[in-house]
Every structure is written in C-alpha cells, then in structure tokens.
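Working notes, beginning with the structure itself.
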Amino acid sequence: MGIVYSCTKLACGDYGIDWITGAVERIWGYTPEEILQQRCWKFLVHPDDMPIVDEQITALSPGKTSNCELRIIHKDGSIRWIRAFSRVVASEYQDVDHRLFGGFEDITERK
C-alpha cells in the first residue's frame, strides 16, 4: 500500500495539502496529522532531489501528469526511495488556481 494525497495551489502560488491517506507512517514515519500540520510534504525531500520535485511535480500545469523517483528522509533519519505519481487539474474555485492529486510508492527495496 502506498500514500495518496491532494493539494491545492492557491492564487498566491503556495501549495497546501487538503488530505492524505494510506501508509504515511510506514513509509515516512510521520502521522497524517503531522504532515497536514506542515501543509506540504516537501520538508521530507532529500535536498539533492528538490529540483526533481520542482520540475516534475510543483511546476505541472493543469492537464499534465508526471511519474518520477526521488528520495525522502524518513522521520528516523533513514533515506527512502519513492516513486511519485502526480496529476494536476484546473479548479473551479475562485481562490484556488488548481489541484494536484498524487501518490507515492515505496521502492526502497528495489533500489
């Protein structure tokens, strides 16, 4: 089982997680509540992989999808590899630019 989430990108350009579910604690070591308090999961990303997130996830425009691999830093300090799936859709809400739906699969054992 992986992780599934939804974020909104506000007109100001910031993302915020609406909801997150799945194996959050097993894969990341954090509870869903801890992730929601951070408003974004980017704090988990290994610094060397931030360009991947910026290019393959946060820069997506409505109608686009992405599939990439990157490292995250587990709460216990260990490094985990994940495959990230993302899809962006336009939003009908005035204060929300668009919505990003995504999922993560732990691929550490394969790496």
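From a predicted model like this one, the values you see are computed outputs, not experimental measurements.
- Between the OG atom of Ser61 and the NE2 atom of His98 there is a distance of 7.5 Å, given to the nearest 0.5 Å.
- Under the side chain to side chain donor-acceptor pair (under 3.5 Å) criterion, Asp48 pairs with no residue, sequence neighbours left out.
- Among all heavy-atom pairs drawn from Val24 and Tyr30, the shortest one is CG1-O, 3.2 Å.
- Sparse packing is recorded around NZ of Lys64, with 12 or fewer heavy atoms of other residues, nucleotides or ligands lying under 6.0 Å away.
- Note on Arg80 versus Glu109: no salt bridge recorded, every NZ/NE/NH1/NH2 to OD/OE distance being 4.0 Å or above.
- Between Ile17 and Ser6 the shortest side-chain heavy-atom distance does not fall below 4.5 Å.
- The side-chain heavy atoms of Ile107 and Glu69, taken from C-beta on, include a pair separated by under 4.5 Å.
- Taking 4.5 Å as the limit, every side-chain heavy atom of Val4 sits out of range of all side-chain heavy atoms of Ile20.
- In this structure, Phe104 has its ring center closer than 6.0 angstrom to the ring center of Trp41.
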Verdict with supporting geometry, Ser86 and Tyr5, side-chain contact (heavy atoms from CB on, under 4.5 Å): CA-CA 10 Å; Ser86 305; Tyr5 71 95; 4.2 Å; yes
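- Val45 and Ile52 fall within the same hydrophobic cluster, where Ile, Leu, Val, Met, Phe, Trp and Tyr residues are linked whenever their side-chain heavy atoms come under 4.5 Å apart, directly or through other members.
- When every heavy atom of Pro62 is checked against every heavy atom of Ala90, the shortest pair comes out as CB-N, 3.7 Å.
- In this structure, the side chains of His46 and Asp49 come closer than 4.5 Å at one or more pairs of heavy atoms.
- The two residues Gly29 and Glu34 make their nearest non-hydrogen contact at O-OE1, 4.5 Å.
- Pairs of residues two or more places apart, or lying in two chains, never qualify as salt bridge (charged side-chain N to carboxylate O under 4.0 Å, His left out) while including a residue from residues 19-31.
- The shortest distance between side-chain heavy atoms of Glu105 and Arg110 falls below 4.5 Å.
- Among Thr65, Leu60, Thr58, the single residue meeting the side chain to side chain contact (heavy atoms under 4.5 Å, CB included) criterion with Val88 is Leu60.
- More than 12 heavy atoms of other residues, nucleotides or ligands lie within 6.0 Å of CZ in Arg83, so this atom counts as buried by the packing criterion.
- Between the CD1 atom in Ile82 and the CD1 atom in Ile3 there is a gap of 7.0 Å [rounded to 0.5 Å].
- With respect to Leu44, the side chain to side chain contact (heavy atoms under 4.5 Å, CB included) criterion is satisfied by exactly one of Ile27, Ile72, Leu70, Val53: Ile72.
- With respect to Asp54 and Lys42, a salt bridge is recorded, a charged nitrogen being found less than 4.0 Å from a carboxylate O.
- By the 4.5 Å side-chain criterion applied to Ile, Leu, Val, Met, Phe, Trp and Tyr, Ile79 is assigned to a cluster that also includes Ile73.
- Here the NZ atom belonging to Lys75 is positioned 13.5 Å from the CH2 atom belonging to Trp28, to the nearest 0.5 angstrom.
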Start with the C-alpha distance between Ile57 and Leu100, add both sets of side-chain angles, then the distance that settles side-chain contact (heavy atoms from CB on, under 4.5 Å), and finish with yes or no. CA-CA 9 Å; Ile57 300 173; Leu100 184 142; 3.8 Å; yes
